[in-house]
Amino acid sequence: MNSQLSAMSFSTKAFILYLISAFSIALLSALFLNYKPSSLNNYSLPLRYGSITDKLWPELKVSWRLGLATLIGFLGSAFGTVGGVGGGGIFVPMLTLIIGFDTKSAAALSKCMIMGASTSSVFYNLRVRHPTKEVPILDYDLALLFQPMLMLGITVGVALSVVFPYWLITVLIIILFIGTSSRSFFKGTEMWKEETLLKKEMAMAQATFVNSRGELLIDTEYDPLVPREEKSPMQIFCSNLKWKRILVLMVVWVSFLLLQVIKNDVKVCSVWYWVLFSLQFPIALVVFGYEAMKLYKDHKKRMSTGNPESICEASIEWTALHIIFCALCGILGGTVGGLLGSGGGFILGPLLIEIGVIPQVASATATFVMMFSSSLSVVEFYLLKRFPIPYAIYLFTVSVLAGFVGQLFVRKLLRILGRASIIVFILSGVIFASALTMGIIGIEKSIHMIQNHEFMGFLGFCSSQ
């Protein structure tokens, strides 16, 4: 067991080293290209997410484009919510390439789809029991730990999307998605092997069983010593709801929304703009700090008493280093969400698996957190009139249905096969598909920018808006 944990620790450190090295090379390359000639007459500023662009809003009508987009959106929502990653990396290219929306509107509509799929998935999961314990399938402690940092990261990501060159965003996302996809696939393979070994042991235990008189019994079926109490759907639903925790999450949600709405009516880069922008940090840090201290004290108490049972689903030791690591990952997940127009699940989903959360709980918790982050963006985009209402309602409805169908299909598949690793493989596949689609779109746009002699370095935050 110790050798297995050390191997996992080594692979995690290798993955972090890969991300740091690749990100550093990409950023240094961007700095090298950041040289501005004395005259910019031959260079045009690129149209960016967050800059002033012409709205491209196609009419909602029956066509092969709408049919293909509906199919892709349905499959992306179904598998994305099951894996706990949302699917924003698939939705944005679909909306721009197939239907013809501009990038800004596509990112806003992508949030509508993520909100629809995650909301239906959360409602479905509230009616599902925890697979092994008598606790909610939603881990509220981890939700309170990651949700504030995820929302803070989304704000940072939207700001960086204005500054970072488009090609750099593409490179960073490809590096990140390939890394997280490969790491998730590796974890899924490990889980598959463990499940196979467990199935063999259970089969042997059932095939050969010795009774109290020493007689050898073959193919003896036996019930567990402590059978689980049967609960009605309403009892399961009520036991999965923790109203005090939900209230705290709602307070964070409303606080961020109010700050965003007020900030949008203030002149960019004015004193009040930066004051409102800075107020988001203490809100996120207070909630995160409270939950982090709770997990840290619980870890210390368990270490002193020798109790292995943690108050949350994660199997890691909640040391200061691990808490800081989770905070940085939460901000990174939100930043990716802000750059892409996704819900941040591309980091949160794999991270929950990495810290030892079982796939069913990781998927349910990730979609629960994404419901808050995506709905925050949808309300803000609605107030700013960033998307056409008919398309938003249509895509939202498609995603709601897809979320239900995806959860229903995978839960039945889990009951038949008895392998939770399927969720991890779905997560890995959705991230890899997003890496391909975002990579193709990004490379194509970058080539177009080079051909048009557009500036390829960093842009000024205040001057480019």
Side-chain angles (χ1 to χ4, degrees), residues 47-60 86 88 91-92 95-96 99 101-120 122 147-148 150-162 246 249-281 283-284 334-344 369-400 461-462 464-465:
L47 296 178
R48 304 298 312 284
Y49 175 84
S51 61
I52 301 175
T53 60
D54 295 329
K55 291 180 180 179
L56 297 176
W57 288 2
E59 182 183 354
L60 180 60
F91 301 149
V92 174
L95 292 168
T96 53
I99 299 184
F101 281 98
D102 61 278
T103 306
K104 182 188 285 187
S105 301
L109 286 171
S110 171
K111 294 285 190 178
C112 296
M113 298 182 71
I114 295 170
M115 183 183 74
S118 59
T119 301
S120 63
V122 168
Q147 185 232 26
L150 197 72
M151 288 187 169
L152 182 62
I154 289 175
T155 304
V156 175
V158 172
L160 290 178
S161 69
V162 179
I246 294 174
L249 292 169
M250 284 299 301
V251 169
V252 175
W253 186 89
V254 171
S255 301
F256 270 83
L257 177 63
L258 290 176
L259 288 175
Q260 291 296 325
V261 171
I262 298 172
K263 184 163 67 71
N264 289 331
D265 291 332
V266 175
K267 184 180 177 181
V268 177
C269 291
S270 64
V271 175
W272 278 111
Y273 178 90
W274 292 116
V275 168
L276 293 169
F277 184 87
S278 301
L279 283 175
Q280 297 171 110
F281 286 84
I283 294 173
T335 302
V336 173
L339 290 171
L340 281 185
S342 66
V369 174
M370 279 193 298
M371 181 182 69
F372 284 96
S373 61
S374 59
S375 59
L376 174 69
S377 300
V378 168
V379 174
E380 183 183 357
F381 286 146
Y382 170 76
L383 295 175
L384 295 173
K385 299 179 180 179
R386 293 280 181 86
F387 53 75
I389 301 300
Y391 256 109
I393 295 174
Y394 174 75
L395 294 173
F396 176 84
T397 305
V398 169
S399 298
V400 168
F461 179 77
C462 300
S464 59
Q465 297 194 81

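Values below: every heavy atom of this structure, side chains too, minus hydrogens, waters and symmetry copies. Positions are given from 1 along the sequence.
Remark: side-chain polar atoms of Ser255 are paired, donor with acceptor, to backbone N or O of Val251 under 3.5 angstrom.
The distance from atom CZ of Phe372 to atom OG1 of Thr119, rounded to the nearest 0.5 Å, is 9.5 Å. With rounding to the nearest 0.5 Å, the separation of OG in Ser375 from CD1 in Ile114 is 11.0 Å. Between the CG atom in Leu279 and the CZ atom in Phe256 there is a gap of 10.0 Å [rounded to 0.5 Å]. Distance OH/Tyr273 to CD1/Ile262: 14.0 Å, rounded to 0.5 Å.
Here the closest heavy-atom approach between residue Tyr391 and residue Pro58 is recorded as CE1-O, 3.1 Å. The shortest non-hydrogen separation linking Val92 to Ala107 is CG2-CA, 4.1 Å. Shortest non-hydrogen contact noted between Leu259 and Ile283 is CD1-CD1, 3.6 Å. Nearest heavy atom pair, residue Val369 against residue Leu150, reads CG1-CD2, 3.5 Å. Between Ser374 and Lys111, the shortest heavy-atom distance links the atoms CB-O, 3.9 Å. The minimum heavy-atom distance linking Leu395 with Met113 is given by the pair CB-CG, 3.7 Å.
With sequence neighbours excluded, the residues satisfying side-chain contact (heavy atoms from CB on, under 4.5 Å) with Ala392 are Leu109, Cys112, Phe387. Considering only residues two or more places apart in sequence or on other chains, Trp57 meets the side chain to side chain donor-acceptor pair (under 3.5 Å) condition with Ser105. Take Trp274 and apply the ring-ring contact (aromatic ring centres under 6.0 Å, His included) test, not counting sequence neighbours, and it matches Phe277, Phe461. Partners of Gln260 under the side-chain contact (heavy atoms from CB on, under 4.5 Å) rule, at least two apart in sequence or in another chain, are Thr155, Lys263, Gln280, Glu380. Residues meeting the side-chain contact (heavy atoms from CB on, under 4.5 Å) test with Phe396, sequence neighbours left out: Met115, Val400. In terms of the side chain to side chain donor-acceptor pair (under 3.5 Å) criterion, residue partners of Tyr394 (sequence neighbours excluded) are, by chain and number, Thr70. Here Ser118 pairs with nothing under the side chain to side chain donor-acceptor pair (under 3.5 Å) rule; sequence neighbours left out. Remark: Thr335 pairs with no residue by the side chain to side chain donor-acceptor pair (under 3.5 Å) rule, at least two apart or across chains. Scanning for side-chain contact (heavy atoms from CB on, under 4.5 Å) contacts around Val254 gives Leu258, with sequence neighbours left out.
Between Leu276 and Val266, some side-chain heavy-atom pair lies under the 4.5 Å cut-off. Inter-residue side-chain proximity for Met151 and Trp253 is flagged as met; some heavy-atom pair is nearer than 4.5 Å. Between Ile154 and Ser373, the closest side-chain pair of non-hydrogen atoms falls below 4.5 Å.
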